[in-house]
Amino acid sequence: MKNIKQSQASSGNKGAKLRSDCFVSLILKESDGLQIELKSKVKALYGGSIEKLAINILQHFSIEHALLSIEDTGALPFTLSARIESAIKQCVETELEFLPELITENKYSKSKESFRFSRLYLPGNSPSMMINAGVHQPNGIILDLEDSVALNKKTEAQLLVRNALRQVNFYGAERMVRINQGKQGLKDLKFVAPHYVNTLLIPKCESANEIIEIDKEIDKLRILHGFDYPIYYMPIIESALGVEKAFEIASSS
C-alpha cells in the first residue's frame with residue numbers, strides 16, 4: 001500500500017439515541033487480511049450484506065490488511081459507505097471515490113423560475129434527517145455543509161452529502177446544498193456538482209468574485225466529469241457589504 005498518512009482513523013456518529021447512522025474505526029495492518037467486527041441490532045438480518053459492502057470498499061481502495069470495526073444503528077448503505085470511505089481517506093492518500101449508484105429518481109433538473117417558497121434545511125452530517133425529508137414535500141431540501149456541521153466533521157459531511165445526492169429519493173424536491181465560505185466552499189464543489197445538485201447556496205456572499213470563482217471551478221468539473229445539467233446559485237446576503245454589492249453579485253454569472 002502506498003501513501004499511508006496514518007495507521008488508524010474513525011468516522012461517523014454514535015450514541016444511545018442515535019438512529020440510521022454508524023461509527024467506524026479502521027486500523028491498517030501488515031498481515032492477517034481483512035477483518036470486520038460488526039456490532040448491530042440488525043446483524044442477524046443484514047450482517048452479511050454490511051460486511052460484504054465493507055469488504056468491497058476496502059478492496060476498492062486496495063487495502064489488503066486491516067481491522068474495520070462498525071457500530072451500526074441502522075445505517076443505510078449510502079451512510080455506511082460514506083463513513084468507511086472517510087476513515088480510509090484519513091489513512092491513505094488517494095483520489096479514488098467509492099460512488100454508490102445514482103438512482104434514476106434523482107436525475108432531474110429544475111428551472112431558474114422554479115417556486116422556492118418552502119426550503120427544509122438538513123445538517124449535512126446527520127443521515128437520519130435525510131432519509132424521509134422528501135415526504136414533507138418542501139419546494140427545496142437543503143443539505144447543509146456550513147454552520148450545522150462541526151469543523152472536525154466537514155470532510156465526513158462532504159462524502160455523506162455526495163452519497164445522499166446519489167441515493168436518497170427526495171421525491172422531486174429541489175436538491176440544494178449550502179457550501180462553506182471561501183476556499184472550503186470551492187473544495188465542497190467536487191462532492192456535489194457532479195452528482196445532480198440543482199442549486200448551490202453561497203453563504204455570506206460579499207463580492208462578485210466569489211461567484212466567478214465558483215463558476216470557474218464548476219466549469220472545470222463539467223469538463224472532468226462530463227455533465228451538462230444546470231446548476232443555479234443562491235447567494236446569501238448576510239452583511240452590509242453584501243447589501244452594497246448585491247447588484248454586482250446578482251449580475252456576475
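- The aromatic rings of His195 and His225 sit tilted, their planes meeting at an angle between 30° and 60°.
- Atom CD of Gln6 has more than 12 heavy atoms from other residues, nucleotides or ligands within 6.0 Å.
- One distance of note links CG of Leu58 with CG of Leu34; it measures 5.5 Å at 0.5 Å rounding.
- In summary, of the residues considered (Lys154, Lys153, Arg178), a salt bridge (Lys or Arg N to Asp or Glu O under 4.0 Å) with Asp144 occurs for Arg178 alone.
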When you look at Lys190 and Glu97, which way does the salt bridge (charged side-chain N to carboxylate O under 4.0 Å, His left out) test go after all the steps?
CA-CA 11 Å; Lys190 73 176 183 178; Glu97 293 184 283; over 6 Å; no
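- The backbone N or O of Phe170 lies less than 3.5 Å from no partner atom in the side chain of Arg175, so there is not a single donor-acceptor pair.
- A distance of 13.0 Å separates CG of Asp188 from CZ of Arg162, quoted to the nearest 0.5 Å.
- Remark: side-chain polar atoms of Gln167 are not paired, donor with acceptor, to backbone N or O of Ile103 under 3.5 angstrom.
- With hydrogens and angles ignored, the 3.5 Å screen pairs no side-chain donor or acceptor of Asn180 with any backbone N or O of Gln184.
- To the nearest 0.5 angstrom, Arg222 atom CZ is 7.0 Å from Asp219 atom CG.
- Placement of Ile141 and Val197 within a single hydrophobic cluster is found when ILVMFWY residues are connected by side-chain heavy-atom separations under 4.5 Å, directly or transitively.
- Under the 4.5 Å side-chain heavy-atom criterion for Ile, Leu, Val, Met, Phe, Trp and Tyr, Leu200 and Leu143 are members of the same hydrophobic cluster.
- Heavy-atom neighbours of Met234 CE from other residues, nucleotides or ligands within 6.0 Å: above the threshold of 12.
- Side chains of Tyr233 and Ser253 form a contact here, defined as non-hydrogen atoms less than 4.5 Å apart.
- With a 6.0 Å radius and a threshold of 12 heavy atoms from other residues, nucleotides or ligands, Lys5 has its NZ atom above the threshold.
- Side-chain contact between Lys89 and Thr155: absent, with no pair of heavy atoms (C-beta onward) separated by less than 4.5 Å.
- Every residue was checked against the side-chain hydrogen bond (donor to acceptor under 3.5 Å, both in side chains) condition with Thr73, not counting sequence neighbours, and none meets it.
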Would Gln35 and Lys29 satisfy side-chain hydrogen bond (donor to acceptor under 3.5 Å, both in side chains), going step by step from the backbone distance to the final call?
CA-CA 10 Å; Gln35 300 170 291; Lys29 304 173 73 175; 2.8 Å; yes
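- Although no hydrogens or angles enter the test, the distance criterion places a donor-acceptor pair under 3.5 Å between the side chain of Glu248 and the main chain of Ala208.
- For the residue pair Leu186 and Glu217, the shortest heavy atom distance occurs at O-CG, 4.1 Å.
- A donor-acceptor pair under 3.5 Å is formed between the side chain of Ser118 and the backbone N or O of Asn139.
- Atoms OG1 and CD1, from Thr79 and Ile131 in turn, are 6.0 Å apart once rounded to the nearest 0.5 Å.
- In summary, Arg83 and Asp72 do not engage in a salt bridge, as defined by a charged side-chain N under 4.0 Å from a carboxylate O.
- Not one N or O on the side chain of Gln8 forms a donor-acceptor pair closer than 3.5 Å with the backbone of Ser25.
- Not counting sequence neighbours, the partners of Arg116 by the side-chain hydrogen bond (donor to acceptor under 3.5 Å, both in side chains) test are Glu174.
- When atom types are taken as modelled, the side chain of Tyr121 and the backbone of Ile142 share no donor-acceptor pair closer than 3.5 angstrom.
- Leu26 and Phe98 fall within the same hydrophobic cluster, where Ile, Leu, Val, Met, Phe, Trp and Tyr residues are linked whenever their side-chain heavy atoms come under 4.5 Å apart, directly or through other members.
- A side-chain donor-acceptor contact under 3.5 Å links Asn198 to the backbone of Tyr108.
- Scored by the ring-ring contact (aromatic ring centres under 6.0 Å, His included) test, Tyr229 finds Tyr196, Phe227 as partners (sequence neighbours excluded).
- Note on Ile50: it clusters hydrophobically with Phe61, by side-chain heavy-atom contacts below 4.5 Å among ILVMFWY residues.
- Among the candidates Ile36, Leu68, Ile70, the single residue satisfying the side-chain contact (heavy atoms from CB on, under 4.5 Å) test with Glu51 is Ile36.
- Salt bridge absent: Lys245 and Glu210 never bring a charged side-chain N and a carboxylate O closer than 4.0 Å.
- Both Leu122 and Leu160 belong to a single network of hydrophobic side chains, linked directly or stepwise wherever heavy atoms of I, L, V, M, F, W or Y lie under 4.5 Å apart.
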